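What follows is one structure encoded as structure tokens, with my remarks underneath.
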Amino acid sequence: MSPQPGARFAAAVADRLAEPSAVPAHLATQPWWRQSVAHGAPGIALLHIERAAAGDGPWQRAHDWIAYAADKPVTTGADSHLFYGGPALAHAMACAADGRPGAYGKALAGLDQSIAATTGRRLDDAHARLDRGDLPALAEFDVIRGLTGMGAYLLRRGSDEKTLRQCLEYLVRLTEPVRHDSEVLPGWWTLTAPSGRRRARFAGGHANSGMAHGIAGPLALLALACLRGVSVHGHREAIGRICGWLDRWRTRTPSGEVWPYWVNRAQYRAGRRGTDERQPPSWCYGTAGLARAQQLGAMALADAAARTRAEQALADALESPTQQAATTDGSLCHGHAGLAHLAATTAADAEPGTGKRILARVPSLLEQAQPADAPLEDLAAGLLGAAGPGFLEGAVGTALAAAGASPPLTGWDTCLLIR
């Protein structure tokens with residue numbers, strides 16, 4: 001039996017990225033290149049690791065990319081996070097160990113100690129900020145740069161439950177309402193724009209909803225930990241507070257339920273926000289990521305009605321021509337590949353009827369991510385040239401979603417906090 005188009009496409013991307021020396025100099029000379037899961041070498045390693053675990057490629061390629069990423073000094077401490085530096089390299093090594101138990105054991109043990117120490121220091125800083133009554137930066141708590149991402153790694157590894165529990169305790173505290181300028185705000189309210197900078201449009205700050213940078217990430221981590229039997233005082237209440245906030249801002253549109261990417265101070269005071277039904281239903285900010293986070297939250301709380309609403313929201317988004325027209329690329333972060341992978345992941349936990357609706361959309365999403373009417377080698381070359389090789393926004397993420405098992409064999413998607 002010949003491989004499916006997705007597997008052939010992944011093979012074409014993997015072959016073009018067989019060795020680190022194949023990467024163009026304009027990328028390889030960037031200071032972040034060896035340390036970034038999102039855009040660089042550790043992300044490329046994930047593709048080779050998953051393919052090797054499936055028997056579709058050699059382990060040597062995976063090892064070569066990991067060795068290349070580790071060949072220079074690795075950033076640790078305050079400047080590292082799940083998608084950059086020591087934790088990023090550790091994520092790739094942990095995925096390799098999923099496929100080859102015992103692999104990189106000594107290196108992972110050292111990285112785990114460093115990650116726990118860094119997480120502890122960041123938690124101390126976060127609690128000191130809370131004690132002062134200051135509001136957080138997104139980078140304090142989000143998945144990409146913050147403590148939720150560090151907690152995702154700790155939960156996935158299962159090697160330091162004490163530090164993981166401390167992360168969860170911090171997230172519980174983050175969800176508690178705070179008073180700022182004589183106004184009660186959600187504890188994750190930040191005084192900057194989503195970019196992290198001051199902007200007139202966001203005078204007074206905002207509450208971010210997204211999986212990548214907002215409160216859906218902490219919701220997913222709290223829910224996944226609870227589902228795996230790791231809980232702390234106030235855990236379920238924190239899940240409930242986040243779900244209640246998202247319920248408050250959910251908007252019914254002709255193409256299904258949508259959530260705002262963020263709520264600024266004026267919208268918060270008005271108690272309403274005009275939400276655009278034409279926004280992409282992506283992992284990073286849109287309905288797909290939010291639906292999965294709320295599905296997990298509902299599972300943790302055993303809330304059947306909320307679970308049904310979340311699953312139906314994703315099914316509606318995938319069936320909506322309006323929402324699908326807003327998705328314009330094939331990427332994992334905010335494109336067709338990410339939607340396909342989230343659809344398969346969410347459907348596996350969904351009520352059978354809704355799960356069937358969701359799964360029915362996966363083939364067309366994959367077709368849009370890597371059209372079958374183009375020669376796959378040419379398509380891989382074109383995508384690598386246009387979008388680059390990156391995991392979040394480039395060819396590697398598209399290839400992993402197009403060809404990978406659901407669930408993956410090596411946990412490459414645990415950094416997305418969808419399982």
Side-chain angles (χ1 to χ4, degrees), residues 7 10-11 13-15 17-23 33-76 80-119 149-161 163-164 224 228 332 389-391 396-397 399-401 403-419:
V13 172
D15 287 345
L17 296 170
E19 300 175 355
S21 60
V23 174
W33 171 250
R34 291 176 188 257
Q35 300 196 61
S36 171
V37 163
H39 306 294
I44 294 172
L46 296 179
L47 174 60
H48 291 297
I49 291 165
E50 180 69 15
R51 296 190 76 247
D56 294 331
W59 276 107
Q60 187 60 48
R61 287 183 179 179
H63 176 73
D64 288 347
W65 276 100
I66 290 174
Y68 171 80
D71 188 50
K72 302 290 184 182
V74 176
T75 298
T76 57
S80 66
H81 49 74
L82 179 58
F83 281 77
Y84 185 79
L89 180 59
H91 174 62
M93 288 182 174
C95 287
D98 287 342
R100 304 187 85 180
Y104 305 105
K106 184 176 180 180
L108 274 169
L111 286 168
D112 284 350
Q113 287 185 340
S114 172
I115 290 165
T118 296
T119 303
M150 302 296 264
Y153 177 80
L154 293 168
L155 179 64
R156 181 247 209 284
R157 285 285 289 158
S159 58
D160 189 343
E161 187 171 309
T163 307
L164 171 60
L224 286 167
R228 294 176 195 176
L332 189 63
F391 171 72
V396 161
L400 276 165
S406 183
L409 300 175
T410 63
W412 62 262
D413 62 347
T414 55
C415 65
L416 304 176
L417 262 180
I418 60 175
R419 70 177 186 91

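Fair warning: this is a prediction, and the values are worked out from it, not measured in the lab.
Residues I66 and A92 approach most closely at CD1-O, 4.3 Å, considering heavy atoms. T75 approaches Q35 most closely through the heavy-atom pair N-OE1, 2.6 Å. Between I115 and A90, the shortest heavy-atom distance links the atoms CD1-CB, 3.8 Å. In terms of heavy-atom proximity, P389 sits nearest to L17 at CB-CD1, 4.0 Å. L416 approaches L332 most closely through the heavy-atom pair CD1-CD2, 4.1 Å. Across A94 and R157, no two heavy atoms sit closer than the pair CB-CD, 3.9 Å.
Between the CG atom in L82 and the NE2 atom in H91 there is a gap of 6.5 Å [rounded to 0.5 Å]. For the atom pair CD1 of I418 and CG of L224, the computed distance is 9.5 Å after rounding to the nearest 0.5 Å. Once rounded to the nearest 0.5 Å, the distance linking OG of S159 with CG of L108 reads 8.5 Å.
Counted by atom type alone, Y153 and H81 present zero donor-acceptor pairs between their side chains at under 3.5 Å.
You'll find the side chain of Y84 stays beyond 4.5 Å of the side chain of H39, heavy atoms only. With contacts defined as side-chain heavy-atom distances shorter than 4.5 Å, the pair L400/F391 qualifies. For the pair D64 and Q60, the minimum side-chain heavy-atom distance is below 4.5 Å. A 4.5 Å side-chain heavy-atom check between I49 and W59 finds at least one atom pair inside the cut-off. Side-chain contact between D98 and R156: present, with at least one pair of heavy atoms (C-beta onward) separated by less than 4.5 Å.
Under 4.0 Å is where a charged nitrogen must lie from a carboxylate oxygen, and between D15 and R51 no such pair does.
Within the 3.5 Å criterion, the main-chain N or O of D160 finds no donor-acceptor partner in the side chain of T163.
Between H48 and W65, the ring planes are parallel. Angles under 30° get that label, and only those over 60° would be called perpendicular.
Partners of Q113 by side chain to side chain contact (heavy atoms under 4.5 Å, CB included), not counting sequence neighbours: none found.
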